[in-house]
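Here the structure is laid out as structure tokens; the discussion comes afterwards.
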Number of protein chains: 2
Amino acid sequence: MNEKNHENCPLTQALLVIGGKWKPLIISHLQKSPKRFGQLHTLIPKLSRKVLTSQLQELTRDKLITRHSYAETPPRVEYRLTEKSKELVPIFQSMSKWGMYLIDKKIIEEREDN
Amino acid sequence: MNEKNHENCPLTQALLVIGGKWKPLIISHLQKSPKRFGQLHTLIPKLSRKVLTSQLQELTRDKLITRHSYAETPPRVEYRLTEKSKELVPIFQSMSKWGMYLIDKKIIEEREDN
DNA sequence: CGTATTTGTTACCTCAAAGTAACTACTTTT
DNA sequence: AAAAGTAGTTACTTTGAGGTAACAAATACG
């Protein structure tokens with residue numbers, strides 16, 4: 001953040017690429033093994049197919065995932081992380097850990113409210 | 001991500017709180033020292049005062065920052081990180097590092113394009 | 001032949017987030 | 001009296017992200 005200014009701030013750059021509402025979630029789901037379009041949709045049901053498509057396209061464009069399409073029928077398409085995005089996994093894990101702490105706190109506060 | 005499902009996913013919880021477009025940036029700027037409203041606005045010029053206000057209010061509500069108002073004239077208001085959000089700083093630092101790598105790659109790719 | 005499956009696309013609509021600009025309140029300086 | 005500086009708020013408008021629903025293509029199955 002000490003950097004020049006707004007423009008070339010690395011954090012801003014990173015957020016441009018992974019700042020989407022669903023992208024961290026998608027990347028997290030791909031961390032263990034490649035997943036198909038339909039699997040991702042099942043894992044994140046609140047995410048519509050249209051938006052899932054667009055997020056996957058953007059992630060592919062930015063080279064955070066690769067798309068492997070198998071000429072089977074019915075068609076099968078798998079998405080997997082690239083080396084670039086594998087480095088993000090521990091970051092999202094930390095964030096997840098922090099989120100868990102948030103949930104705990106929330107439960108405590110709810111208790112105190114009663 | 002292995003967790004139950006969508007609802008209580010810790011990463012989703014975390015993203016609810018820090019997922020805002022500007023929040024990671026604001027938190028990063030506060031990491032070294034408390035900052036005033038106007039300072040933050042100068043540091044992130046693309047962020048309008050109205051939105052800065054709303055983001056600061058949300059962060060305060062979620063107890064990621066505290067607001068200290070001094071009865072001087074002209075008024076002075078300082079925002080500082082709480083213990084809760086200080087744990088986020090290393091996460092954003094990693095993300096920033098990753099963003100720097102992105103920028104480097106971009107430069108290399110531009111060179112290759114020529 | 002008609003239906004199901006899978007991975008999308010396309011068109012249309014909606015709503016919340018963000019932008020703009022004007023106004024407030026308090027006090028010091030000119 | 002008026003302007004300047006700080007930290008907002010309020011009202012109005014705009015933008016774009018996201019939702020819904022229908023359709024496409026290829027093949028297998030009954």
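Within every chain, numbering begins at 1; the chains are lettered A, B, ... in the order of the sequence lines, protein sequences first and strands thereafter. We use all heavy atoms of the structure for the numbers below, so side chains are in, but hydrogens, waters and symmetry mates are not.
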- Message: Among C/dT6, D/dG18, D/dG8, which nucleotide has an atom closest to any side-chain atom of B/F37?
- Response: D/dG8
- Spacing between A/K21 atom NZ and C/dC15 atom C1', to the nearest angstrom: 11 Å
- Once you round it to whole Å, what is the distance between P of D/dC29 and CD of A/E72? 13 Å
- Task: Please determine if a side-chain N or O atom of A/Y79 lies less than 4.0 Å away from the OP1 or OP2 oxygen of C/dG8.
- Result: yes
- Quick one: is B/R67 getting a side-chain N or O under 4.0 Å of the D/dG8 phosphate, OP1 or OP2? yes
- Task: Find the distance A/H41:NE2 to D/dG18:P and express it as a whole number of Å.
- Result: 14 Å
- Nucleotide D/dG18, atom P - distance to CG of A/L47 in whole Å: 9 Å
- What nucleotide, of D/dA7, C/dT6, C/dG8, holds the atom closest to the side chain of A/T53? C/dG8
- Task: Could you tell me whether the phosphate oxygens of C/dG19, OP1 or OP2, come under 4.0 Å of any side-chain nitrogen or oxygen in B/S48?
- Result: yes
- Message: Distance check needed: D/dA7 C1' versus B/E78 CD, whole Å only.
- Response: 13 Å
- Gap separating the NE2 atom of B/H41 from the CZ atom of B/R49, nearest 0.5 angstrom: 6.5 Å
- Query: OP1 or OP2 of C/dC26 less than 4.0 angstrom from a side-chain nitrogen or oxygen of B/Y70, does that happen here?
  - Reply: no
- Report the C-alpha distance between B/K23 and B/E58 in whole Å, list the side-chain angles of each, state the deciding distance to 0.1 Å, and finish with yes or no for salt bridge (charged side-chain N to carboxylate O under 4.0 Å, His left out). CA-CA 9 Å; B/K23 288 177 185 174; B/E58 288 179 23; 2.7 Å; yes
- Sub-3.5 Å donor-acceptor pair from the side chain of B/Q39 to the main-chain atoms of B/R36, do we have one? yes
- Below 4.0 angstrom from OP1 or OP2 of C/dT7, is there any side-chain N or O of A/R36? yes
- Task: Would you mind classifying the nucleic acid contact of B/Q55 as base, sugar-phosphate or nothing, using non-hydrogen atoms under 4.0 angstrom?
- Result: sugar-phosphate
- Kindly say if A/R76 contacts the phosphate of C/dT7, meaning a side-chain N or O under 4.0 Å from OP1 or OP2. no
- Can you measure from OG1 (B/T66) to NZ (B/K84) and round to the nearest 0.5 angstrom? 12.5 Å
- Query: Does A/Q57 have a side-chain nitrogen or oxygen under 4.0 Å from the phosphate oxygens OP1 or OP2 of C/dT9?
  - Reply: yes
- A/E58 CD to D/dG16 C1', straight-line distance once rounded to whole Å: 12 Å
- Query: From B/I65 CD1 over to B/H68 NE2, what is the distance, rounded to the nearest 0.5 angstrom?
  - Reply: 9.5 Å
- Task: From the options C/dG8, C/dC12, D/dG8, select the nucleotide whose nearest atom is closest to the side chain of A/K50.
- Result: C/dC12
- Query: Atom CG of A/L25 to atom P of D/dG18: distance rounded to whole Å?
  - Reply: 13 Å
- Nearest-Å distance for atom pair CG/P, residues B/L52 and D/dT6: 15 Å
- Query: From C/dA18, D/dG18, D/dA7, pick the nucleotide closest to the side chain of B/R49?
  - Reply: D/dA7
